[in-house]
Amino acid sequence: MRFFRFISAICLGAALVSSCMADLDMSFDNLDNAKIIGKVTDPDDKPIEHIKVTIDWNEGEHIEVKYTDSDGLFSSYMRSGRKGESQILTVTLEDIDGDEFGGTFSRKSETMTLLEESNSTINLVYRLNHAIALENSPQF
């Protein structure tokens with residue numbers, strides 16, 4: 001009976017180690033993909049925190065939502081395709097908190113076509129203007 005418990009414990013331990021290794025491997029999936037780094041600033045080049053950044057890959061194939069940090073930065077990895085294949089990226093920036101982080105800013109959206117290259121970094125820089133009252137008013 002002890003032998004069976006010992007064997008069961010070894011099998012359970014092996015299963016736990018292999019599941020942990022699978023989790024570790026998944027955290028490194030994007031190392032070969034191009035990295036996207038974006039910075040969002042106001043008209044005076046001051047970083048804007050907590051801007052909602054929606055990243056749409058290939059017209060809805062994969063959508064990510066990020067928020068800028070205190071330095072106005074966000075990042076993502078290019079979605080895997082075949083190396084050398086182009087992908088359509090749409091980045092939409094929205095001020096979702098009003099005046100809380102330095103004012104109310106206009107919404108901005110940009111669509112671009114990117115060619116995937118391993119281990120490259122794509123830097124995006126956005127400058128948002130202050131919104132006028134009508135831009136953030138409820139639409140009826």
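One-based numbering along the sequence shown. The analysis underlying the following values was restricted to heavy atoms, covering all of them including side chains, and did not include hydrogens, waters or symmetry mates.
- For S109 and T92, the side-chain atoms include at least one donor-acceptor pair closer than 3.5 Å.
- Hydrophobic clustering of Ile, Leu, Val, Met, Phe, Trp and Tyr side chains at less than 4.5 Å, counting indirect connections, keeps L73 apart from I51.
- There is a path of hydrophobic side-chain contacts, each under 4.5 Å, that joins W57 to M112.
- Taken to the nearest 0.5 Å, the NZ atom of K46 stands 14.5 Å off from the CG atom of D71.
- Side-chain atoms of Y67 and E49 include no donor-acceptor pair closer than 3.5 Å.
- Taking 4.5 Å as the limit, every side-chain heavy atom of S106 sits out of range of all side-chain heavy atoms of H130.
- Of the inter-residue distances, the one linking H62 atom NE2 with Q87 atom CD reads 11.0 Å to the nearest 0.5 angstrom.
- Going from atom CG of L93 over to atom OH of Y126 covers 6.0 Å, rounded to the nearest 0.5 Å.
- Taken together through direct or relayed side-chain contacts under 4.5 Å among Ile, Leu, Val, Met, Phe, Trp and Tyr, V125 and I122 form parts of separate hydrophobic clusters.
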Is there a side chain to side chain contact (heavy atoms under 4.5 Å, CB included) between I36 and I55 once you walk through the steps?
CA-CA 10 Å; I36 309 289; I55 303 168; 5.8 Å; no

Report the C-alpha distance between T41 and L128 in whole Å, list the side-chain angles of each, state the deciding distance to 0.1 Å, and finish with yes or no for side chain to side chain contact (heavy atoms under 4.5 Å, CB included).
CA-CA 6 Å; T41 65; L128 297 183; over 6 Å; no

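- We find that R107 and D95 are not joined by a salt bridge, their nearest charged nitrogen and carboxylate oxygen being 4.0 Å or further apart.
- Taking CG of N129 as the start and NZ of K108 as the end, the distance is 7.5 Å to the nearest 0.5 Å.
- Take D69 and apply the side-chain hydrogen bond (donor to acceptor under 3.5 Å, both in side chains) test, not counting sequence neighbours, and it matches no residue.
- Think of I63 as one node in a network of Ile, Leu, Val, Met, Phe, Trp and Tyr side chains linked at under 4.5 Å; it has no links at all.
- For the pair T54 (side chain) and V65 (backbone), a donor-acceptor distance under 3.5 Å is absent.
- Here the shortest heavy-atom pairing between P47 and G72 reads CB-N, 3.6 Å.
- The pair K66-E64 meets the salt-bridge criterion, with a side-chain N (NZ, NE, NH1 or NH2) lying under 4.0 Å from an Asp/Glu carboxylate O.
- With rounding to the nearest 0.5 angstrom, the NZ atom of K35 is 7.0 Å from the OG1 atom of T121.
- In this structure, OG in S76 is found 8.0 Å from CG in L89, a value given to the nearest 0.5 Å.
- Pairing each heavy atom of D56 with each of E61, the nearest pair is OD1-N, 4.4 Å.
- Although no hydrogens or angles enter the test, the distance criterion places a donor-acceptor pair under 3.5 Å between the side chain of D42 and the main chain of D45.
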